[in-house]
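Report on the following structure.
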Amino acid sequence: MNPGMRERMRRLFHPFDEGFGDARARNAFHAAFGITLFLFPFSLIFVPFRLLPDTVAWMSSASIALYGLALWLSETRMGVRAAALRFGLIGPLYFSVEWMGKSTGFPFGDYAYTGTLAPLLAGVPLAMAFAWYTVLVGA
């Protein structure tokens with residue numbers, strides 16, 4: 001990467017650099033966040049209009065997990081244990097709520113998942129743990 005590009009990238013990500021005690025954690029966050037920024041516009045087009053070929057349908061789950069990973073890496077600035085505890089509580093708890101909702105219709109009403117958000121565990125996409133984490137902690 002040339003020095004001019006490196007400087008532009010540094011300025012772009014500078015607001016997100018604060019609080020990382022470890023350069024590896026900061027770099028991992030930059031990578032996850034950068035990939036998320038790149039993929040997000042495509043997901044706005046390809047997912048709602050069902051333009052993804054079946055061979056890359058797994059990208060929907062991977063994108064949701066990547067959003068969760070980027071948020072988790074950001075949360076590690078306040079401590080890895082605290083971030084792990086938050087994900088360890090929110091992910092399984094709300095995954096269970098999704099399972100209950102899918103199985104009983106309560107609290108969301110009757111619904112079912114297709115195979116798009118694979119892999120499924122007990123009929124619920126594993127990506128839902130990341131989705132709920134991202135929504136609740138990100139808010």
Side-chain angles (χ1 to χ4, degrees):
M1 186 180 310
N2 69 43
M5 176 64 91
R6 185 171 292 139
E7 179 59 24
R8 284 192 296 275
M9 294 298 287
R10 189 193 66 73
R11 276 188 271 133
L12 174 66
F13 284 108
H14 178 70
F16 303 106
D17 284 349
E18 300 298 320
F20 284 105
D22 181 15
R24 290 176 299 178
R26 184 187 67 237
N27 293 340
F29 168 72
H30 284 182
F33 189 62
I35 294 168
T36 297
L37 287 176
F38 176 78
L39 290 178
F40 186 71
F42 294 104
S43 66
L44 291 176
I45 297 166
F46 285 86
V47 174
F49 298 107
R50 301 177 186 258
L51 299 174
L52 281 177
D54 290 341
T55 55
V56 294
W58 59 270
M59 280 294 295
S60 296
S61 290
S63 295
I64 292 169
L66 183 64
Y67 301 154
L69 175 64
L71 180 61
W72 186 83
L73 287 165
S74 177
E75 289 289 299
T76 63
R77 293 183 280 190
M78 292 178 258
V80 174
R81 276 193 188 152
L85 181 62
R86 254 188 306 279
F87 182 78
L89 291 173
I90 291 172
L93 175 67
Y94 284 91
F95 182 87
S96 299
V97 170
E98 283 290 330
W99 175 80
M100 183 178 71
K102 184 206 151 296
S103 300
T104 67
F106 176 80
F108 309 117
D110 287 330
Y111 64 97
Y113 288 105
T114 65
T116 301
L117 291 176
L120 303 176
L121 176 65
V124 177
L126 287 175
M128 294 313 293
F130 292 96
W132 276 107
Y133 172 77
T134 303
V135 167
L136 293 172
V137 174

With rounding to the nearest 0.5 angstrom, report the [atom1] to [atom2] distance, [X] to [Y].
X: Ile64; Y: Leu69; atom1: CD1; atom2: CG; result: 14.0 Å
X: Leu121; Y: Leu126; atom1: CG; atom2: CG; result: 5.5 Å
X: Ser61; Y: Met128; atom1: OG; atom2: CE; result: 10.0 Å
X: Ser74; Y: Arg26; atom1: OG; atom2: CZ; result: 13.5 Å
X: Leu71; Y: Arg86; atom1: CG; atom2: CZ; result: 8.5 Å
X: Leu89; Y: Leu136; atom1: CG; atom2: CG; result: 12.0 Å

Check the surroundings of atom CZ in Phe106: do more than 12 heavy atoms from other residues, nucleotides or ligands lie under 6.0 Å from it? no

Compare every heavy atom of [Y] with every heavy atom of [X], then report the nearest pair and how far apart it is.
X: Leu73; Y: Ala32; value: CD1-CB, 4.1 Å
X: Leu39; Y: Ser63; value: CD1-OG, 3.9 Å
X: Phe108; Y: Gly101; value: CD1-CA, 4.2 Å
X: Gly91; Y: Ala129; value: O-CB, 3.7 Å
X: Phe33; Y: Ala70; value: N-CB, 4.1 Å
X: Ala122; Y: Lys102; value: O-CE, 4.3 Å

Give a yes or no answer on whether the side chain of [X] reaches the backbone of [Y] with a donor-acceptor pair at less than 3.5 Å.
X: Ser60; Y: Leu117; answer: no
X: Ser43; Y: Phe40; answer: yes
X: Trp132; Y: Phe95; answer: no

Shared ILVMFWY cluster between [X] and [Y], side chains joined below 4.5 angstrom?
X: Leu37; Y: Leu44; value: no
X: Leu66; Y: Tyr133; value: yes
X: Leu120; Y: Tyr111; value: no

Can you check whether [X] reaches [Y] side chain to side chain, under 4.5 Å on heavy atoms?
X: His30; Y: Phe20; value: no
X: Phe42; Y: Met59; value: no
X: Ile45; Y: Leu51; value: yes

Phe87 and ring pair (Phe, Tyr, Trp, His ring centres under 6.0 Å): which partner among Tyr94, Trp72, Phe130? Phe130

